[in-house]
Each structure stands twice: as structure tokens, then as C-alpha cells.
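Okay, structure first, notes after.
No hydrogens, no waters, no symmetry mates; every other heavy atom, side chains included, goes into these values.
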There are 2 protein chains.
Amino acid sequence: MDETQDTETQSMAQKGRVHRRALSAVFGDGSRPLYKEVKLALTRLLSSGDVGPGEAIPTEKQLCEQFGVSIGTIRKAIDELVAERVLVRQQGRGTFLVSHTPERMLNRFWRIVGRNGAREIPIVQTLTFKRSVADDAIAAALGIAKGDAVFSIVNLQLLGGAPVVLDEIILPHAAFPNLTEQGLRTRDTTMYGYYQEAFGVNIINVFDKLSAIKADKFVAEHLSVKVGEPILKVQRIACTFDNQPVELRYSQIQTENYEYHNTMGMQST
Amino acid sequence: MDETQDTETQSMAQKGRVHRRALSAVFGDGSRPLYKEVKLALTRLLSSGDVGPGEAIPTEKQLCEQFGVSIGTIRKAIDELVAERVLVRQQGRGTFLVSHTPERMLNRFWRIVGRNGAREIPIVQTLTFKRSVADDAIAAALGIAKGDAVFSIVNLQLLGGAPVVLDEIILPHAAFPNLTEQGLRTRDTTMYGYYQEAFGVNIINVFDKLSAIKADKFVAEHLSVKVGEPILKVQRIACTFDNQPVELRYSQIQTENYEYHNTMGMQST
DNA sequence: AAGTGGTCTAGACCACCAT
DNA sequence: TGGTGGTCTAGACCACTTA
């Protein structure tokens, strides 16, 4: 009996190794763990648009068969994408690509919170929309070449009926090929939701740099403050998969009644 | 042969269930997953001081035996603590409680970065140290009662030889019972490293609220700016396990040459 | 060489959701 | 009822560190 068991476990392990080699041949050079290969394949599935926002990826069992690996390996790949907040699991239903709805945005990339702690969805007014070309700073931030075509958008954001944030948003033409002022104005979702739905651009990560500056005349007029008043300036680079930058944004924020919140780490459970 | 296998797997599953019940009786009400119980036990191990900063926790195999659970369950518990950056794994060596060395702090809770992107370790000068009592705002932020004893510290931080950050730090007496000005001044590590080494207080998570204000006279003098110049103000609440607040800090930052950096999400791999 | 964490297997049962 | 993800087992072998 003991003998039987040993032989079995032995053969199971062997099988595992064989699978690994076979898959390496299919997926890569074999130097990457299997679950990373699976993760990469899932990432491609998502970024290719085969799975749209809010849609389910194949079930864990299906993925097992598709990739010829154990369910534990599939789960580890999905675990990482869940940790990166690309996917969300729902017990009994499936695993889904996150959809950038206004409600979800509120707790994800939106950092402006009332001094009383209230989070609210801003009303966005597009002030200007124009085509332009990248200068050195824009090219460096977006990882494109100087002179490449970009869109330049100025948005005013209202909170509690008052103007609080003035944004200048620069988008590379290459990632948003058919963007029009009309499309932008008539969207019925957040900016990031629009990127996702209309262009298949999923914002996965953002990098913010904050500083305090004086309000210039343009800002002062739109945010109803005096010239020279302190303003919170945020430079944001928003990235899609592989941390590829797809949006550069300069926000100027009037922080009399609102603050920028940043929580590091995760809530323990 | 098939029969043998079926009987075995059956008995394995049964054994698993028995274990679960037995442990539930030991650890809790059974409504919590086993790995959460293990995680909680590990957290207690760390917060009790049985494992000091930089020290190794028991090996995965030891924990298996100690808790009577499978290695996969232990790993899932450790996985979460690693994700929360409480533990760090080192293949071939062990799993360790993070130590808040200056180098590690630089990429964890320290957010002030030069405009050229350079991170540097600040030089800290303690300007004042006094005992005080909590007012309403402090009591609310630290989760203590109004009138409770606190320490109030003012630090000036130099970067590149120039004063950049002025901190007011409020610490509850209860969490730092024997704190003295002498001890604070003669520490040879970061503030958070000092909390950890001298008081067993591990900072796990911080919450920052940022706004732009005008420099007052006190700040202007210490940061070498004019009164009224824009200053980046950060209110930070630093927490230990279970998000229990143990430090309240008001930082005022001169952002001419430095910025506050915030990276959301994690870097994909 | 011995010991650590890292990867992976091939399932089982449970909790939950939809129909 | 059937299908989903959530938890858990009892190992195996690999990669790496330390002595």
C-alpha cells in the first residue's frame, strides 16, 4: 500500500514537470513561472478586447483545460490580477474585468475628498478641446516622440456646485485614434470609463506628483480664487497594462473645502 | 487500483474537514477561514514582540505542525502579510518582519522626492519636544480621549542641505510610555524605525490628506520662504496593526525643489 | 549537504449564485 | 440543480542560501 502511494505521487510530480516543459515550449523560454505565463496570456486577453469591461473571463476550470495546468496555478495568476485590481472575483458568478464606472472610480483613482470626508462624483465641463503636438516634456511623460500628435483638453470639475479642479489633459493620438470633441462631450461616464469603452484603453495604474503653487490668472478666474492664492498642483501620468503611459494630466485644485487623500498599504482583514 | 485511489482521496478530504473543526474549536468560532486564523495568530506573534524587527518568523514547515494545517494554508496567510508589506520572504533564508531601516523607509512611507526624481534620506533636527494633552482634533485622529497625555514634537527636515519639511508630530503617551527628548535625539534611525525598535510599535499603514496653504511666519522662517508663499500641507495618521492610529503628523513642505509622490496600484510583473 | 521559500499538482468539500 | 469561485489538503520538485 505504501509502495502504491509512493509510486503514484512520484508519477504525479513527473507529470507536473512534463506539463511545465510542454507549456514552456508553447508560451515562452521556460525561465518564467507557469503562473506568470498564464497571467501574461490573461493580460493579452484583456488588452486585446476579447473580454470587454465588466465581462467575465473564462472560468477557472476552463482555463485549466485551455492551458493544461492545475487549478492552483490558474488561481495564482488570477490572484495577482485581482491584487492589481484588474479583475474582480464574484463567488458563484465568475471573474470579471473591472469596469470604470463612476462609483468604482470614486474609490480607485479619484482622490479629491471633502474636508468632512464625503466623496462625491464631480460634474465635468469641457472648456477646450484641440489637437496639438508633443513638446519635450509631453513626449518624455507619455513615452512618445517629440512632435507626435496629441489631443489637449481642458476640463473644469465642479463639486458641490462649486468649481474645484481645473484639468489639462494630454492624450496621445496613437492610443485614441478617433477621439472627437463631440464624442468626448456626449460621453455618459467618467473619463477613464470612456477611455475603456470607446478605445479599449484600461487605466491600471497612476503616478501622481504633488506640489503647491500660486494661482495664475487663468486658474484664479475658473476656480473663483484670487491670483496668488495657494493651489494644489497634481501632475498625473496614467498607465495601462505594463505601465505604458496613455494620459498626462495637470490638475490644479482649490483646497479650501476639499483635500487630496492618499492611503498607502491596504486595509488589514 | 482505481478503488484504492478513490478511498484514499475520500479519506484525505474527510481528514481535512476534521482538522478544520478541531482548529475552529481552538482558534475561534469557525466562521473565519483557517488561513485568517493563522494570519491573526501571526499578527499577534509580531505585535507582541516575540518576533522583533528584522527577525525571522518560524519556517513554513514549523507553522504547519504548530497549527496542524497544510502548507498551502500557511502560505496563504503569509501571502497576505507580505502583500501588506508586514513580512518579507527571502528564498533560501526565511520570512522576516520588516525592519524600518532608512533605506526601506525611502520606498515605503517617505514620499518627498526631488524634482529630478532623486530620493534621499533627510537629516532631521528636533526643534522642540514637550508633553501636552489631546484636544478634540487630536483625540479624534488618534482614537484617544480628550485630555489624554501626548507628546508634541517639532522636527525640521533637511534635504540637499536645505530645509524642506517642517513636521509637528503628536504621539499618544500610552503607546510610547517612556519616550524622552534624550532618547529621541540620540536615536540612530528613522522615526518609524525608532518607534519599532524602542517601543515595539510597527507602522503598517498611513493615511495622508494634502492641501495647499500659505506659509505663516513660523514656517516661513524655518523653511526660508516668504510669508504667504504656497506650502504643501500634509496631515498624516500613521497606524499599526488593525489600523490602530499611533501617530498624528502635520507636515508643511516647501515644494520648490521637491514634490510629494504617490503611486497607486502596484507595478505589474 | 541541509534547510529555506517558490512553484505546481490533482483533487476534495464549502458557500454562493442563477435558473 | 448545476455551475461558480473560496478554502484546504498532502504532498512533489525546483531554486536558492548557508555552513
request  = Please state how far atom CD in A:Glu65 lies from atom P in C:dA10, giving the value in whole angstrom units.
outcome  = 13 Å

inquiry  = Could you tell me how far apart B:Phe67 (CZ) and D:dT7 (C1') are, to the nearest whole angstrom?
reply    = 17 Å

Sugar-phosphate, base or nothing in reach of B:Ile71, heavy atoms under 4.0 Å = base

query = What pair of heavy atoms forms the shortest contact from A:Pro102 to A:Ile121, and how long is it?
reply = CB-CD1, 3.8 Å

request  = Name the residue closer to the 5' end of DNA chain D, choosing between B:Tyr35 and A:Pro58 according to the nucleotide with the nearest heavy atom.
outcome  = A:Pro58

request  = Between C:dG5, D:dT9, D:dG5, spot the one nearest the side chain of A:Arg75, thanks.
outcome  = D:dG5

request  = Please tell me which of A:Gly92 and A:Ile74 maps to the more 5' nucleotide of DNA chain C, matching each residue to the nucleotide holding its nearest heavy atom.
outcome  = A:Ile74

Minimum heavy-atom distance A:Leu106-A:Glu120, with the two atoms named = CD1-O, 3.6 Å

query = Could you state the NZ-P distance from B:Lys39 to D:dG6, rounded to the nearest angstrom?
reply = 16 Å

message = Is A:Arg93 close enough to C:dC16 that one of its side-chain N or O atoms is under 4.0 Å from OP1 or OP2 there?
response = no

task = Would you mind reading off the distance between A:Gln91 atom CD and C:dC16 atom C1', rounded to a whole angstrom?
result = 5 Å

query = Below 4.0 angstrom from OP1 or OP2 of C:dC8, is there any side-chain N or O of A:Ser70?
reply = no

message = Which label fits A:Tyr192 and A:His100: parallel for a plane angle under 30°, tilted from 30 to 60°, or perpendicular past 60°?
response = tilted

inquiry  = Whole angstroms only, please: what is the CZ-C1' distance between B:Arg32 and D:dC8?
reply    = 17 Å

request  = Have a look at A:Lys61 and say if it touches a base, only the backbone sugar-phosphate, or nothing, with a 4.0 Å heavy-atom cut-off.
outcome  = nothing

task = May I ask you to verify if any side-chain N or O of B:Lys76 is less than 4.0 angstrom from the OP1 or OP2 atom of D:dT7?
result = yes

ask   = How many Å lie between CZ on A:Phe96 and P on D:dT4, as a whole number?
value = 11 Å

query = In whole Å, what is the span from the CG atom of B:Leu63 to the P atom of D:dC8?
reply = 15 Å

note = Nearest heavy-atom approach of B:Cys239 to B:Phe207 is SG-CE1, 3.8 Å

ask   = OP1, OP2 of D:dT9 versus side-chain N and O of B:Thr73: anything below 4.0 Å?
value = yes

query = Side chain of B:Arg75, backbone of B:Ser70: donor and acceptor closer than 3.5 Å?
reply = no

request  = Would you indicate which nucleotide in C:dT7, D:dT9, D:dG5 comes nearest to any side-chain atom of A:Pro33?
outcome  = C:dT7

ask   = Rounded to the nearest Å, what distance is computed from the CD atom of residue B:Gln62 to the P atom of nucleotide C:dT4?
value = 6 Å

key: Closest listed nucleotide, where the reference is the side chain of A:Leu34 and the choices are C:dT9, C:dG6, D:dT7   = C:dT9

